[in-house]
Amino acid sequence: MDGVGGLTQPHIKPGKTFVYEFETKRSGTFMYHPHSDEMVQMAMGMMGMFIVHPRDLAFRPVDRDFVFIMSAYDMDPGTYLPKVTEMTNFNMWAWNSRVFPGIDPLPVRLGDRVRVRIGNLTMTNHPIHLHGHSFSVSCTDGGWVPESAQWPETTIDVPVGAVRAFDVIADNPGDWAFHCHKSHHTMNAMGHDLRTLIGVPKQTIAKAVKKLAPDSMAMGSTGMAMGEMEMPLPDNTLPMMTGSGQFGPIEMGGMFTVMKIREGLAQDDYRDPGPYQFPKGTVAYEVDTPAAQPVREEQGAPKSPAKNGGNKAMKGMKM
Ligand SMILES: [Cu+2]
């Protein structure tokens, strides 16, 4: 029983219920979604993962098994409905319809064999990356990859309409970033077509721009991090980067979470173990450098009137 409306079955009209019956003939990682008014139904998130476990429990066993379906939405800040006609410019990149920091961490015991299954029903590919480890693709939605055909990776591309599952031995304790490697996919509610204002003293021009376009958002003069982007948000949106860790803001959003690998987790106790206690000598640290001057002055550019005051111009500006 397949679900292509018109081709293999009648369309399911609003208020109606259909039954699908089928045998699960092989194990693996699969996806399901409508083939009826797809642009609308998938743009609004109607999709899911379907996992078939092997009957033989000794076949490729793992200690931890995670699954994510990737979806993308285009929602203007302040609105409540994804745009169903968008084809390229999505601004919310979600795992299981959630964005970081709303995505749970992946707590894992040191030495666990871990499987992460990822399905892609967005309209672009996602190179998925885990820090601190290498791993191999163990199955796709086409079947299990023979061990002799696997090769080591640190990032695996998940094409549109495809599933990739990778198996990793969690042999490196720590808090390891796990994310899509497209930079704008680890951000929420991106403003598109913004001007680049790196190095621009913008305290004065921001006022002028705001007069012309009160809702405009100017990028910070040193970047897009939260310190530069202090502004009230409209209802029902998210900052582009948010979440915090033991050392400060994480400045990621979207398709991002953390695999927390710990020694000594109790059997079956996979609650969030909190931030990693780094052993001495395993965290990068600051050293004194001689004469650290602002770059713009070293290059002989005019002195900025916005020096140290640039952030204030952002306050009150809306996305
Ligand atoms: Cu991505």
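For ligands, and for the atoms within them, numbers begin at 1 and follow the listed sequence.
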Here the N/O/S atom of His126 closest to the Cu ion (ligand 1) would be ND1

Checking distances from the Cu ion (ligand 1), one finds that the N, O or S atom of His185 closest to it is ND1

For the pair Trp144 and Phe59, name the ring-plane relationship: parallel under 30°, tilted 30 to 60°, perpendicular over 60°. perpendicular

| message | Which label fits Trp93 and His184: parallel for a plane angle under 30°, tilted from 30 to 60°, or perpendicular past 60°? | response | perpendicular

- Report yes or no: does His181 have an N/O/S atom closer than 2.8 Å to the Cu ion (ligand 1)? no

Of His181, Arg164, His129, the one forming a side chain to side chain contact (heavy atoms under 4.5 Å, CB included) with Ile156 is Arg164

Test ring-ring contact (aromatic ring centres under 6.0 Å, His included), reference Trp95, set Phe100, Phe178, Phe66, output is Phe178

